Amino acid sequence: MNLIKYYLITILISFSVANHSPQKKSITYKHESLLGLWNFESMTTIKKGKRDEITILYKDKKNTETLTFQNSGALIFNVLNDGIKKEGNGVWYAENDFLTIIVEEDTTYSTYSIKNTKLTLIINSKETEGTYEYNTVLQYNLVQ
């Protein structure tokens with residue numbers, strides 16, 4: 001009986017040491033590439049209606065934006081839109097290629113992709129009684 005207890009304790013200690021091994025690699029997630037400070041470059045909106053309407057907005061002195069994705073899931077934003085400044089915090093969550101951003105009462109669902117230092121967000125909105133269907137493509141550059 002004592003021999004069984006000895007082996008059981010030895011096995012438990014072995015598992016415990018193996019789980020705390022310094023050689024254990026940290027797990028990296030795809031969404032870790034989102035972490036950091038991103039500068040707005042452009043926004044293209046395609047509104048579906050009787051005629052498709054395309055609007056393109058580029059970064060300029062009156063239209064700037066930065067997004068900071070933090071590892072904790074916090075999002076910090078700083079926006080200047082037509083000269084009107086808005087700063088604040090929100091939360092973000094990414095799974096696979098999908099990104100959810102929540103700021104106050106607004107929730108934005110998008111897909112995202114990152115190539116080199118360029119972040120692309122694609123937001124698709126379905127038609128409702130008050131609005132037409134639209135797709136928006138936002139482009140950001142990583143600040144290094």
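From a predicted model like this one, the values you see are computed outputs, not experimental measurements.
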Are Thr108 and Ile123 close enough that some pair of their side-chain heavy atoms sits under 4.5 Å apart? yes
Using a 4.5 Å cut-off on heavy atoms from C-beta on, say whether the side chain of Ile54 contacts that of Thr44. yes
Asp60 side chain to Asn63 main-chain N or O, any donor-acceptor pair under 3.5 Å? yes
Start with the C-alpha distance between Ser42 and Gln139, add both sets of side-chain angles, then the distance that settles side-chain hydrogen bond (donor to acceptor under 3.5 Å, both in side chains), and finish with yes or no. CA-CA 5 Å; Ser42 68; Gln139 301 267 313; 5.2 Å; no
What I'd like to find out is whether the side chain of Leu99 reaches to under 4.5 Å of the side chain of Phe69, using heavy atoms alone. yes
Going by chain and number, the hydrophobic cluster around Tyr109 (ILVMFWY, side chain to side chain under 4.5 Å) further includes none
Does the side chain of Thr66 come within less than 4.5 Å of Phe77's, by heavy atoms? no
Who pairs with Val143 by side chain to side chain contact (heavy atoms under 4.5 Å, CB included), at least two apart in sequence or on another chain? Leu37, Asn39
List the atom of Phe40, the atom of Leu57, and the distance in Å for their closest heavy-atom pair. CZ-O, 3.7 Å
Give a yes or no on whether Leu80 and Leu67 share a hydrophobic cluster (residues Ile, Leu, Val, Met, Phe, Trp, Tyr; joining criterion: side-chain heavy atoms under 4.5 Å apart). no
Minimum heavy-atom separation for Asn135 and Lys48, please, with both atom names. ND2-CE, 3.8 Å
Would a distance-only check, ignoring hydrogens and angles, find a side-chain to backbone donor-acceptor pair under 3.5 Å from Trp38 to Lys118? no
For residues Gln70 and Trp92, report the shortest heavy-atom separation together with the two atoms involved. O-NE1, 3.0 Å
Closest approach of Tyr134 and Lys47, non-hydrogen atoms and distance? CB-CA, 3.9 Å
Are Tyr140 and Val103 connected, step by step, through hydrophobic side chains (Ile, Leu, Val, Met, Phe, Trp, Tyr) whose heavy atoms are closer than 4.5 Å? yes
Which atom of Glu133 lies closest to which atom of Ser125, heavy atoms considered: CG-O, 3.1 Å
Is there a side-chain contact between Ile114 and Ser33 (heavy atoms, below 4.5 Å)? yes
